[in-house]
Amino acid sequence: MDIGRLRTLREFADRGSVTAAAKALHCTTSAVSQQLRALQAEVGLPLTEPAGRGLRLTDAGRALVARADDVLAAIDRAEAELDSYRSAPRGRVRLAVFPSAALMLLPGLLHRFAAHEGLDVEVRDVDMTPPEVPGLMADFDVVVTHRDEHAPPFDSGRLEVVHLLREPLDVALPPGHPLGERERVELADLAAERWIGVDVGFPVDDVLISLAVRTGVRPQVVHRINDFRITESLVAAGHGIALLPRYTMDTVGERRLLRRPLAGIRAARHIEAVLRLGAAARPAVAAVLGALRAEAAEVGRETMP
């Protein structure tokens with residue numbers, strides 16, 4: 001089968017539409033449609049079928065996408081073998097990082113990347129939910145993402161997942177809050193508080209929901225703000241409390257928030273690097289993963305109590 005057509009099929013599967021696939025491949029929708037039709041004729045089975053105004057994969061199409069990943073991963077490994085003849089990692093690696101991880105990891109990462117002459121790392125901050133991660137693989141070589149530790153892991157059949165850091169989530173209280181006298185707080189003690197959360201579907205909101213299910217206490221979310229620095233300002237000003245990541249919360253700066261763990265409950269997010277199968281065989285991608293692991297370990301050491 002034609003490799004280019006398989007790549008087109010995978011882009012269509014990742015993107016969900018001919019238009020989005022064409023944009024990712026920098027070609028016309030007509031060209032994508034022609035590639036899909038040619039592949040369909042080549043295999044002798046319908047790979048797509050009408051769905052409203054667009055198309056969707058048939059069962060045969062989904063099966064071929066799964067096998068296409070194996071084929072394309074093998075090609076990546078073959079290309080990596082050629083790259084391995086170089087004495088040092090070279091080339092461009094596209095890296096996506098969610099904002100609070102960028103705040104925590106990126107300053108040190110950029111220093112580590114600079115140590116590899118010939119390595120060009122293009123970084124973008126992307127506010128992502130876990131279901132959006134597989135689709136980001138079309139645009140990035142490595143995606144640093146996060147999920148509630150009680151959420152199911154990513155599909156290891158199509159993706160390689162590298163654990164970087166477990167970051168506890170603590171309650172952020174304004175200075176002078178009565179519960180600030182305690183070393184730990186019960187979720188039940190916070191039942192009457194006004195909470196500042198994040199958009200539905202993001203990991204911190206997932207943690208709040210799972211806490212509500214496990215304790216029977218439903219937090220009253222009055223604002224949803226994805227920028228943790230804004231949330232910190234609102235908490236410091238007394239407009240509510242929040243569940244915030246421990247390693248990035250400002251407890252010593254101008255805001256001087258009070259940080260208290262929840263009693264009797266494990267609340268945390270897993271920070272992970274996600275990439276396509278076979279991609280880590282590229283020396284440049286391996287160097288980026290090594291830098292991510294090293295920086296995450298350094299953050300963990302620096303923030304240990």
Whether the side chain of [X] engages the backbone of [Y] through a donor-acceptor N/O pair (distance < 3.5 Å, no angle test) should be reported.
X: Arg194; Y: Gln220; value: no
X: Arg260; Y: Gly180; value: yes
X: Thr58; Y: Pro46; value: yes

Find out if a path of hydrophobic residues (ILVMFWY) with successive side-chain heavy-atom gaps under 4.5 Å connects Leu277 to Val162.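 In one cluster with Leu277: Val162, no.
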Are His223 and His239 close enough, and set up right, to give a ring-ring contact (aromatic ring centres under 6.0 Å, His included), and what steps lead you there? CA-CA 9 Å; His223 305 296; His239 295 297; 7.6 Å; no
So that I can tick it off, tell me whether [Y] and [X] are bridged by a salt bridge, with the cut-off set at under 4.0 angstrom between side-chain N and carboxylate O.
X: Glu167; Y: Arg246; result: no
X: Arg92; Y: Glu122; result: yes
X: Arg94; Y: Asp139; result: no
X: Asp170; Y: Arg259; result: yes
X: Arg147; Y: Glu272; result: yes
X: Arg90; Y: Asp120; result: no
X: Arg182; Y: Asp189; result: yes

Angle class for the His146/Phe98 ring planes (parallel below 30°, perpendicular above 60°, tilted otherwise)?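 Ring orientation, 0 to 90° scale: parallel.
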Evaluate Asp14 against Arg158 for salt bridge (charged side-chain N to carboxylate O under 4.0 Å, His left out), listing each step before the verdict. CA-CA 11 Å; Asp14 287 342; Arg158 292 192 63 198; 3.1 Å; yes
Please name all residues satisfying salt bridge (charged side-chain N to carboxylate O under 4.0 Å, His left out) with Asp70, sequence neighbours left out, ordered by chain then number.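 Asp70 satisfies salt bridge (charged side-chain N to carboxylate O under 4.0 Å, His left out) with Arg67 only.
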With rounding to the nearest 0.5 angstrom, report the CG to CD distance, Leu9 to Gln40.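 Separation between the atoms: 10.0 Å.
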Answer yes or no: does atom [atom1] of [X] have more than 12 heavy-atom neighbours from other residues, nucleotides or ligands under 6.0 Å?
X: His111; atom1: NE2; answer: no
X: Arg124; atom1: CZ; answer: no
X: Arg62; atom1: CZ; answer: yes

Restricting to side-chain hydrogen bond (donor to acceptor under 3.5 Å, both in side chains), what partner residues turn up for Ser100, sequence neighbours left out?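 Partners of Ser100 under the side-chain hydrogen bond (donor to acceptor under 3.5 Å, both in side chains) test: Arg269.
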Do Glu11 and Thr8 have a side chain donor and acceptor closer than 3.5 Å?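 No.
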